[in-house]
Amino acid sequence: ETLASLGADVTVDYSSQKPFEIAEKETSGKGVDAVFDTVGGDTVEKSLPITRRFGRIAGILGATGDLTLAYRRNQTYFGVMLTRDRERLERLRSLIEFKKIRPLVDEVLPLEEVSKAHQRLDTGHGRGKVVLDVQGK
């Protein structure tokens, strides 16, 4: 529901559906343009057959498994290193202020509930960012 409200053409509930089969069906076998892997394990390897020729795959955890198909299909893999630096945060702040992007906030908690915020993040099933209110507003 969240992704559909943000404009996604097709959404997949990975707990009850088969994402790779749906991608194959929805693209009539042509494959998706891009994959962003935040799960790890063999996700990149499984994504290769359903990613189009010259398609792109990015991941934050590193690819494992046999990636030979990526070479044959001329696919590109990007390793994404998530870093926190002031310059990037300032650019993001500007984009938010000028309403170029809108962060998806799941919950705002007071700083005193930081342990609850960590517990929520550890489940991996949030629908946006968990924000800590440090000013108590």
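In this structure, CD1 in Ile96 is found 4.5 Å from CD1 in Ile101, a value given to the nearest 0.5 Å. Arg56 contributes atom CZ, which lies 11.5 Å from atom CD of Gln75 (distance to the nearest 0.5 angstrom).
With contacts defined as side-chain heavy-atom distances shorter than 4.5 Å, the pair Asp106/Arg127 qualifies. Residues Leu6 and Leu104 have side chains in contact (heavy-atom distance under 4.5 Å, counting atoms from C-beta outward). Looking only at side-chain heavy atoms (C-beta outward), Glu45 and Asp66 come within less than 4.5 Å of each other. At a threshold of 4.5 Å between non-hydrogen side-chain atoms, the residues Pro110 and Glu113 count as touching.
Residue Arg52 forms a side-chain hydrogen bond (donor to acceptor under 3.5 Å, both in side chains) with just one option from Thr27, Asp33, Asn74, and that option is Asp33.
Taking a 4.5 Å side-chain heavy-atom cut-off between Ile, Leu, Val, Met, Phe, Trp and Tyr, the cluster of Leu67 extends to Phe20, Val32, Val35, Val44, Leu48, Ile50, Ile57, Leu69, Tyr77.
Annotation: Arg91, atom CZ; neighbour count of heavy atoms from other residues, nucleotides and ligands within 6.0 Å is above 12. In Arg93, the CZ atom is crowded: over 12 heavy atoms of neighbouring residues, nucleotides or ligands sit closer than 6.0 Å. For Glu1, the CD atom is loosely surrounded, since the number of other residues' heavy atoms within 6.0 Å does not exceed 12.
Of the N and O atoms on the side chains of Arg73 and Thr51, not one donor lies less than 3.5 Å from an acceptor on the other residue.
Two different hydrophobic clusters hold Leu82 and Leu89 under the rule that ILVMFWY side chains link at heavy-atom gaps under 4.5 Å. Both Val80 and Leu61 sit in one connected hydrophobic cluster of ILVMFWY residues. Membership requires side-chain heavy atoms under 4.5 Å apart, directly or through other members. Both Leu121 and Leu109 are members of a single hydrophobic cluster when ILVMFWY side chains are connected at heavy-atom separations under 4.5 Å. Placement of Val108 and Val134 in two distinct hydrophobic clusters is found when ILVMFWY residues are connected by side-chain heavy-atom separations under 4.5 Å, directly or transitively. In this structure, Val12 is not a member of the same hydrophobic cluster as Leu3, with clusters built from ILVMFWY side-chain heavy atoms closer than 4.5 Å.
The minimum heavy-atom distance between Ala117 and Val130, with the atom names listed, is CB-CG1, 3.7 Å. Between Gln17 and Thr11 the shortest heavy-atom distance is OE1-O, 4.2 Å. Residues Ser5 and Thr2 come closest through the heavy atom pair OG-O, 2.7 Å. Pairing each heavy atom of Arg88 with each of Met81, the nearest pair is NH1-O, 4.4 Å.
A salt bridge is defined here as a Lys NZ or Arg NE, NH1 or NH2 lying under 4.0 Å from an Asp or Glu carboxylate O, and Lys25 with Glu21 fails to meet this definition.
Arg72 is linked by a side-chain hydrogen bond (donor to acceptor under 3.5 Å, both in side chains) to nothing, counting only residues two or more places apart in sequence or in another chain.
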